[in-house]
> 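Got a structure for you, written out below as structure tokens; questions coming shortly.
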Amino acid sequence: MPQILQIAAIAVATFGTGAATLSVMNEDIPDLVVPEGDWTASGALDGISFSVSGTDLSSGAELEDELIFRQGKFQSVDCEKYCNFGWSNYLTKGKDGVIHFTATTRCPDAPHTVVWYGTFEGDELAIDVTWTTRRWYWTNQIQIKGAGVVVPPEAVSG
């Protein structure tokens with residue numbers, strides 16, 4: 001019996017007897033949960049860019065990025081290089097002199113969603129990020145925690 005027929009016969013016998021269970025269900029991993037509140041498209045961070053250092057919480061990998069806020073839009077320079085994420089809307093809210101921001105960015109050519117949440121006080125930024133890739137057969141998520149400082153306007157990349 002040709003080898004391919006032997007493999008097919010084994011597969012039919014295995015699945016036919018219930019000895020194997022095949023599932024195409026993919027357990028989803030939720031995106032970063034952003035605190036509720038009175039989020040608005042205020043443009044409160046427009047004209048500010050940040051040099052950011054972060055850490056992948058699973059692997060410990062160090063990450064460097066530049067975040068740019070302009071005309072009510074947000075861009076991560078690294079995300080733009082990786083997958084042409086482009087400019088995305090961002091929302092802000094103020095509380096006790098701290099500006100909170102959030103943005104959800106999506107890659108137009110792949111199933112990547114990045115959710116950003118940060119706080120800006122003085123000239124320092126703190127961020128939490130999830131980069132989630134969803135495919136029908138698996139979901140992978142990278143959780144990042146980072147901090148940044150304001151970049152002088154003449155040094156901005158974008």
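When reading the values below, keep in mind they use all heavy atoms of this one structure, side chains included, and skip hydrogens, waters and symmetry mates.
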> Do the side chain of E62 and the main chain of T55 share a donor and acceptor less than 3.5 angstrom apart?
no

> Please check if the distance between the ring centroids of Y82 and W131 is under 6.0 Å.
yes

> Do the side chain of Q141 and the main chain of L32 share a donor and acceptor less than 3.5 angstrom apart?
no

> Can you check whether G37's main-chain N or O pairs, donor with acceptor, with K95's side chain at less than 3.5 Å?
no

> When you check the side-chain N and O atoms of H100 and T119, is any donor under 3.5 Å from an acceptor?
no

> For T92 and I99, indicate whether the former's side chain and the latter's backbone hold a donor-acceptor pair under 3.5 Å.
no

> To the nearest 0.5 Å, tell me how far E66 CD sits from C79 SG.
13.0 Å

> Which residues pass the side-chain hydrogen bond (donor to acceptor under 3.5 Å, both in side chains) test with D128, sequence neighbours left out?
K145

> Supply the atom-to-atom distance R106 CZ to T132 OG1, rounded to the nearest 0.5 angstrom.
10.5 Å

> Are R70 and D46 close enough for a salt bridge, meaning some N to O gap below 4.0 Å?
no

> May I ask you to decide whether D31 forms a salt bridge with R134, counting only side-chain N to carboxylate O separations under 4.0 Å?
yes

> Using the ring-ring contact (aromatic ring centres under 6.0 Å, His included) rule, take W116 and F74 through it: C-alpha gap first, then chi angles, then the decisive distance, then the call.
CA-CA 10 Å; W116 302 81; F74 163 85; 5.1 Å; yes

> Checking N89 side chain against A103 main chain: does a donor-acceptor pair fall under 3.5 Å?
no

> Do F69 and V129 land in one hydrophobic cluster if side-chain heavy atoms of ILVMFWY residues count as linked below 4.5 Å?
yes

> Any luck finding a side-chain donor-acceptor pair between N140 and T133 under 3.5 Å?
no

> Provide the full list of salt bridge (charged side-chain N to carboxylate O under 4.0 Å, His left out) pairs with a residue in residues 107-124, sequence neighbours left out, each pair given once.
none

